Amino acid sequence: MQTARIILTGLACCLLATYAAAQAQLTNDPFPAPLEAAKDIVAVDFVEFAKIPDAEGGQAPRLMHMAEAPGVQKYFFSTMRGALYGVSRDGKIVQPYLDINDPKWGVPVQFTGNERGLQSFAFHPQFSERGRPGYGKFYTWLDTSKISPTPDFTSGAASSTHDQVLLEWSAKDAQSAAYDGGAPREIIRTAHPFPNHNGGQIAFNPLAQPGGADFGLLYVGSADGGNGGDPMNMAQNLNSPFGKILRIDPLGANSKNKRYGIPASNPYAADGKDDTLGEIYARGVRNPQRFTWDAKTGRMYVADIGQSAVEEISEVAAGANLGWNIWEASYRYTNRQVDVTGPRAGAGMTWPIAEYDHKDPILLGSNMAVTGVAVYRDRAIPQFTDLLIFGDNPSGEIFYIKADAPSQGGPGAIRRVLLNDGGKQKTLLQVINDKGKAEGKPAKPRADLRFGFGAHGEIFVMNKQDGIIRRLVASR
């Protein structure tokens with residue numbers, strides 16, 4: 001009798017699983033209606049602000065990130081190859097600031113392929129305050145081919161392709177035209193199992209005030225480690241830094257390796273469990289390329305690159321779970337497809353405020369990757385006021401949604417931003433290729449869009465194809 005009961009129970013489970021599989025509707029096109037390509041377009045002008053020098057052999061420098069140093073009257077831009085440049089506020093002076101690949105630093109940047117390299121950098125909010133603990137300090141988050149040191153974190157894989165390191169640099173003179181400090185201090189080292197899905201942005205919350213709980217804390221975007229589908233299920237694993245947004249005190253020392261601090265206000269810091277990392281601020285991200293804070297509401301938003309179906313913009317709060325790899329955006333994820341039955345049905349998940357799929361006709365076939373992101377509360381470009389700006393990396397499409405409008409995700413509220421150029425409205429990729437054509441250069445198949453956002457309403461558009469930094473300005 002007991003054997004028969006076991007057999008019947010097993011048969012019932014199999015039948016239920018078969019029924020559930022039959023009920024699923026798997027697709028890579030959850031939003032068959034295309035984006036409103038011609039509706040409510042915002043068109044803006046642009047100027048060619050500055051040009052970063054080509055790399056060896058005339059190759060484009062592969063522009064990646066932009067940041068401002070508090071109290072320094074210039075902008076800083078980085079390349080995937082590991083170089084930092086200082087650019088005057090008028091764009092007329094471009095000076096090398098730091099070459100991380102210089103052998104004297106001992107940290108060779110691994111920039112092979114599309115996804116490895118110098119991912120991001122950030123200046124401590126006390127960078128220009130002489131006598132303060134953060135004076136002269138800035139941080140880089142990069143991939144390196146030097147993997148001999150023992151990593152702080154591993155994926156559990158038998159081997160790794162490279163390490164990712166968070167480094168602290170200390171300038172002697174914060175106002176120096178070029179970095180004048182010594183070798184960097186290593187803060188975190190992570191062994192990566194695959195070459196893709198590496199680090200994302202690092203940043204200090206620009207809204208945090210001295211004495212506030214968030215002041216001086218560094219947010220670190222850490223992707224799921226690569227391959228596809230998060231094969232080792234790390235994004236949901238609270239004992240892994242992969243697939244997370246971390247928050248640390250780079251000047252503290254209560255971490256396991258004693259080289260940084262874990263803020264007591266972090267959502268898991270008080271757990272005291274060996275299988276939970278106190279560094280984690282939010283989990284369930286796949287490839288958190290860029291994040292930002294809204295100056296009006298204080299909310300944090302992330303642009304998280306999807307797997308094979310959906311790109312998303314989501315709000316991030318302390319302890320948030322954005323769902324990956326159980327969910328891809330609003331849908332259950334199954335073997336590189338999403339199930340459109342029962343969207344947003346998971347308890348305790350944070351759902352996107354905007355999302356678009358990989359089949360939209362204005363994008364580049366199979367290449368999609370969301371980037372951004374900024375909530376524009378300035379008046380310098382009136383067309384952008386109170387809009388959330390983001391884009392699609394490969395195609396160079398720039399998008400917006402209304403920042404204060406209620407959202408249930410999906411693509412319905414997404415509209416396009418086009419660039420006025422020669423009397424025509426163009427995408428960034430069209431601008432790049434028309435410029436190249438005039439110079440006798442072959443057309444580029446993709447733009448590799450990146451944004452830079454200044455503290456006073458500046459929006460810069462970068463790409464990995466021509467080294468030109470373009471600043472968006474109000475239409476005349």
Side-chain angles (χ1 to χ4, degrees), residues 20-37 114-115 194 196-197 200 221 223-236 242-243 283-290 301-316 320-346 349-373 390-397 399 401 407-416 446 448-449:
Q23 294 298 104
Q25 296 179 30
L26 302 182
T27 181
N28 291 122
D29 190 13
F31 307 118
L35 292 171
E36 296 274 10
N114 288 330
E115 298 190 41
F194 304 107
N196 59 338
H197 304 183
D224 68 2
N227 201 15
D230 190 9
M232 290 177 283
N233 299 307
M234 292 189 287
Q236 292 296 323
F242 291 97
R283 61 172 158 154
V285 292
R286 179 177 177 273
N287 199 347
Q289 278 291 297
R290 293 293 179 264
Y301 296 96
V302 65
D304 192 19
I305 295 175
Q307 177 63 60
S308 300
V310 189
E311 303 298 311
E312 67 180 278
I313 301 290
S314 297
E315 186 177 346
V316 181
N321 186 347
L322 278 68
W324 179 249
N325 68 348
I326 302 169
W327 298 83
E328 182 177 346
S330 291
Y331 301 97
R332 284 197 177 274
Y333 171 78
T334 302
N335 192 26
R336 300 193 180 229
Q337 291 184 301
V338 294
D339 180 2
V340 295
T341 61
R344 296 176 176 243
M349 299 295 175
T350 295
W351 307 113
I353 62 168
E355 51 197 327
Y356 62 95
D357 74 21
H358 290 194
K359 299 296 184 180
D360 199 274
I362 68 170
L363 303 177
L364 293 181
S366 61
N367 293 311
M368 295 87 191
V370 69
T371 190
V373 55
F390 60 103
D392 182 70
N393 177 351
S395 68
E397 287 281 351
F399 299 124
I401 61 173
S407 173
Q408 293 299 312
I414 297 175
R415 299 292 183 265
R416 300 171 79 195
R446 52 187 286 165
D448 290 300
L449 163 69

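Please read these numbers as outputs of a predicted model, since none were measured by experiment. Quick note: numbers below take in every heavy atom, side chains included, and nothing from hydrogens, waters or symmetry partners.
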In the structure I gave you, are the side-chain heavy atoms of Pro352 and Arg344 within less than 4.5 Å of one another anywhere?
yes
Closest heavy-atom contact between Leu363 and Asp357?
CD1-O, 3.6 Å
NZ/NE/NH1/NH2 to OD/OE distance under 4.0 Å, Arg446 and Asp448:
yes
Is the ring centre of Tyr356 less than 6.0 Å from the ring centre of Phe399?
yes
With sequence neighbours left out, the residues meeting side chain to side chain donor-acceptor pair (under 3.5 Å) with Asn325 are Asn233
Rounded to the nearest 0.5 Å, how far apart are OG1 of Thr371 and CD1 of Ile305?
7.0 Å
Say you draw a straight line from CD of Gln337 to OG1 of Thr27; how long is it, rounded to the nearest 0.5 Å?
7.0 Å
Kindly say whether Gly410 contributes a backbone atom to a donor-acceptor pair with the side chain of Glu355 at under 3.5 angstrom?
yes
For Leu26, does its backbone N or O pair with a side-chain atom of Asp339 as donor and acceptor, under 3.5 Å?
no
Are any non-hydrogen side-chain atoms of Val316 and Tyr301 less than 4.5 angstrom apart?
no
By the definition side chain to side chain contact (heavy atoms under 4.5 Å, CB included), identify the one residue from Ile313, Thr350, Leu322, Val373 that meets it with Val302.
Leu322
Main-chain N/O of Gly306 paired with Glu311 side-chain donor or acceptor, under 3.5 Å
yes
Determine yes or no for a side-chain-to-main-chain donor-acceptor pair under 3.5 angstrom, with Asn321 supplying the side chain and Met349 the backbone.
no
Can you tell if the side chain of Ile362 reaches within under 4.5 Å of the side chain of Glu397, non-hydrogen atoms only?
yes
Examine distances only and state if a side-chain atom of Arg416 and a backbone atom of Ala37 form a donor-acceptor pair shorter than 3.5 Å.
yes
Set of residues satisfying ring-ring contact (aromatic ring centres under 6.0 Å, His included) with respect to Phe194, sequence neighbours excluded:
none
Taking Asn28 for its side chain and Arg336 for its backbone only, find out whether a donor-acceptor pair lies under 3.5 Å.
yes
Partner set under side chain to side chain donor-acceptor pair (under 3.5 Å) for Arg286, not counting sequence neighbours
His197, Gln307
Flag, side chain of Asn393 to backbone of Leu449, donor-acceptor distance under 3.5 Å
yes
Could you tell me whether a side-chain N or O of Asp392 sits under 3.5 Å from a main-chain N or O of Met368, the two making a donor and an acceptor?
no
Test item: Arg332 side-chain N/O and Gly342 main-chain N/O as donor-acceptor pair under 3.5 Å
no
Are the side chain of Ser407 and the backbone N or O of Ile353 linked by a donor-acceptor pair below 3.5 Å?
yes
